[in-house]
Structure formats: C-alpha cells, structure tokens
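Since the structure comes first, as structure tokens, the remarks are kept for the end.
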There are 2 protein chains.
Amino acid sequence: MSRKNIETRNRILESTWRLLETDPGNDVRMSDIAKEAGISRQAVYLHFPKRADLLVATTRYLDEVRDIDARLAASRAAKTGLERLDAFIQAWGNYIPEIYGVAKALLAMKDQDEEAYNAWQGRMQAVREGCEAAINALDRDGMLTNALSKKEATDLLWTMLSVRNWEQFRSECNWTQARYIDVTKASARKVLVADGA
Amino acid sequence: MSRKNIETRNRILESTWRLLETDPGNDVRMSDIAKEAGISRQAVYLHFPKRADLLVATTRYLDEVRDIDARLAASRAAKTGLERLDAFIQAWGNYIPEIYGVAKALLAMKDQDEEAYNAWQGRMQAVREGCEAAINALDRDGMLTNALSKKEATDLLWTMLSVRNWEQFRSECNWTQARYIDVTKASARKVLVADGA
DNA sequence: CACAAAACTTGACACCGTGTAAAGTTGACA
DNA sequence: TGTCAACTTTACACGGTGTCAAGTTTTGTG
C-alpha cells in the first residue's frame, strides 16, 4: 500500500469520470468530485496535487479500462491501406464519445495549464501517429493522392478526426454516431486516395 | 453623447482587440484591458457590464471595421456553384486569422457563460448560412454529390471551415495560410462535388 | 460664468474556485 | 501499546470577476 490507498484513488478517478461523462465541461469542481467519491476535498488533493493531474490521470485510467490499445490493434492488423484507414477511423471515431467528457475538460484547461497542455498534446500525438501509419499504408499501396505530401495527408486526416469535429457533428449538427463514422470514412477516402482508384 | 463616451468605448474595444491579437487566449484580464486603454478598471465595467459583453462587442466592432459583409459579397456574386464555393472558402478562410484572437477568447467562455455561448453560436450560424448558400448553388448546378443530403453537405462544409480546424492547421501543423486555403478548397470539392464532374 | 449632469477615478469588498497549511481522528499491524 | 499512514476538519492566501459608494474631473447648457 505504497501510494496512499489505491482504492480511494480509483474511487476518485471513477467519480471524476462519472461526473464529466454526465456533464462534460469544466463545471466539475474538485469539491464535486470529493462529494461524489464520498471523501473530503483535501483527500482528493492528497492523491492529485492539481486539478490538471487529476484530469490527466483520469484519461490514463480510462485508456486502461477501455483498452484503447486493443481496439487500435485491429487497424494495425489490416492488410491493405484502405482497410487500415477505415479500421483506424472506426476505432478512434468510436472511442471519442467514451472519453469526450474528460477530453473536453482537459481541452478547456490546456490554454491555462502547462501540464494539461502537455498531457493533451501527448495524447493527440498518439492519435497522429495512428494517422501517419494509415497514410504510410496507403502510400505503400500506391493509393495516396499526389496532391498532398505525406505529412500534409497526415495533418489532414488528423484534423478530420479531431475531438472538436466529432463534437460539432454530434452536438451541433445532430448527426448519429454511425453517420459520423460513415461520412468521415468516405470523406477521408475522397480526400486522401488518388483519383484513379 | 448619450451612451457614455463613444471615444472611450472605442478605445476599450481597440485595446481588447490589440491584446487578444498579440496574445490569443483568456490570459487577457479586465485590468489588462483597462491599463492598455489608459483608464480605470471600473470605467471598463461602466461600458461593458460583463467580460462576455466586451468580447461580443469586440467581435462586432471587428466585423464592422474589417467589413466582413463586403468580403462575403464576392462569393454571393459568383456565377457558378464551384466559383461560389471557392470564393466563400477564400473569404471566410482569410477572415479567420483576423478575428482569431477574439474568437478564441469567446470560444473559451462559451462553456461557462450563456451570453458568450449565444454570441458565438450566432456568429457561427451566419457562417453556416454562407455554407448553405454555397451548397445550394452547387446543387442548382447539379454538381452536388448524391452521397450527402443538402443538410449534411452544409454541416460538412461548415465543420471543415471551423476556427478550430484553421487553428490546428496553422498552429499545430505549421501550414501556411495560402496552403490552408488551397487544401481546404480542394478538399471541399472532393468531398462535396459529384464524381463525374 | 456657474452649475448640474455625465464620465471617470479611487478604494473597498463579496464571491468563487484552486491550492496550502496544520492540527486532529481513525484504523491497521507489529 | 504505540506508531504510521490515510483521511478529516478548519482556516486561510490568492487571483480574477463583478458590485458599491463616495469623490473628482469634464462637458454642455442656461
């Protein structure tokens, strides 16, 4: 029982997640989380010195519980570049709604808090690597459009798959999750794949 | 000289703009703006009761000074749907960097402040109408893809043209403004225009 | 010119949320 | 039985927004 009490720690993470899931945004205060976890506000600070630490830890916790690695494995196993592109969009696109609450809170902090900024940046970098791998697979198949460099193609796919875009389609435009996935897959192909294919 | 002093008001708006332009984000406090304008903090509150009011007024002020209407007129004058699409992307896409500072501050407030939310929503609605007009023009020419409904096509173009996406391309991916415009135009065509065209 | 209203200043304060500090309580286990 | 770690309780500093009230300067008008 080295690092405090692991049970309490997990209860805090679960509470944070639950609150952010039902009410995405920054309206979730440290005291709310403490109340939800059934402990004092100070106990939260005992485990997570800063709010940013807590949010970062919550995303890591979620990644572990929801096993994001296993999900992305499918896209890595794809044979063709097109399959890999589809599989990646499907895996990541369906993961976004599960982390959206926490992601939004982290996103809101990233302009004020250095640590939150780095944490978010790191996670997005991981997504970017997935995009890059898909682009490389497309290129290997000779399917990549010649209108874009590999870096540009990666940037473009990465931006298409941003949490903000998902948010806009789902919340602002009232698209269904399934439609979001389908249209994103189709758009990615049209934009990234060479014409005569 | 009814509504306070119009000169002071404009000096506040100019100061807000200047500060947000050089340092986009929310680190700009009411006291910073007062100092920049050379007046007391309370005087700012005399003109703008809430921070959100000030930000909203600053965007309106910018729209007026930069004459966004005139710029969009070009796209409205376009003959074909394709021309209209290009012209709209060009006009709006080149306007974003000019309002980015203020937009970012407003964007950061919109999850906490009802008024900021509505103001941002209203402005984005105006952009959406521009997208809708372009889609309608495409459709009139029989150039709109049949893979998307007109609403979906509008949603898609609108999302492609979001301030967040511009931010990602320019800041995160280090694209030039010119490249951003070119790639966005090309992507929009690929995604929205019917294949055999 | 005088004086009243408007514009602005000054200084104080309430409120909220984050984060810190310190002393007290509880329970495990050795 | 005593000690240590986890947690509680209470209190407070800090920074930023927004409010309040009393005082001063500027401006327009009879």
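Being a predicted model, the structure only gives us computed values, none of them experimental. Below, read A as the first sequence line, B as the second, and so on, with proteins coming before strands; counting in each chain starts at 1. Only heavy atoms go into these numbers, but all of them, side chains included; no hydrogens, no water, no symmetry mates.
Atom CD1 of B:Ile33 and atom C1' of D:dG16 are 12 Å apart (whole Å). Whole-Å rounding puts the B:Phe48 CZ to C:dA7 P distance at 13 Å. One atom, CG of B:Leu54, and another, P of D:dG16, lie 16 Å apart when rounded to the nearest Å. Atom C1' of nucleotide C:dT9 and atom CD1 of B:Ile39 are separated by 11 Å, given to the nearest angstrom. Remark: P of C:dA7 and CZ of B:Arg9 are 13 Å apart, rounded to the nearest angstrom. A straight line from CD of B:Gln42 to P of D:dA21 spans 14 Å, rounded to a whole angstrom. When rounded to the nearest whole Å, the span between CG of B:Leu46 and P of C:dA5 equals 18 Å. If you measure from atom CD of B:Gln112 to atom C1' of D:dG16, you get 13 Å, rounded to the nearest angstrom.
Proximity of B:Lys50 to the phosphate of D:dT19: a side-chain N or O atom is located under 4.0 Å from OP1 or OP2. Taking 4.0 angstrom as the limit, A:His47 places a side-chain polar atom (N or O) nearer than this to OP1 or OP2 of D:dC7.
Counting non-hydrogen atoms of other residues, nucleotides and ligands closer than 6.0 Å to NZ of B:Lys35 gives a total of 12 or fewer.
Distances were taken from every side-chain heavy atom of A:Tyr45 (C-beta onward) to each of D:dC7, D:dT17, C:dG19; the shortest belongs to C:dG19.
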Would you check, one step at a time, whether the test side-chain hydrogen bond (donor to acceptor under 3.5 Å, both in side chains) holds for B:Trp166 with B:Gln177? CA-CA 9 Å; B:Trp166 176 87; B:Gln177 173 68 18; 2.9 Å; yes
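Scanning atom types as modelled, one donor and one acceptor separated by under 3.5 angstrom connect the side chain of A:Arg41 and the base of C:dG19.
Ring-plane geometry between A:Phe169 and A:Tyr180 is classed as tilted, the angle between the planes lying from 30 to 60 degrees on a 0 to 90 degree scale.
Among all heavy-atom pairs drawn from B:Asp23 and B:Val28, the shortest one is O-CG2, 4.1 Å.
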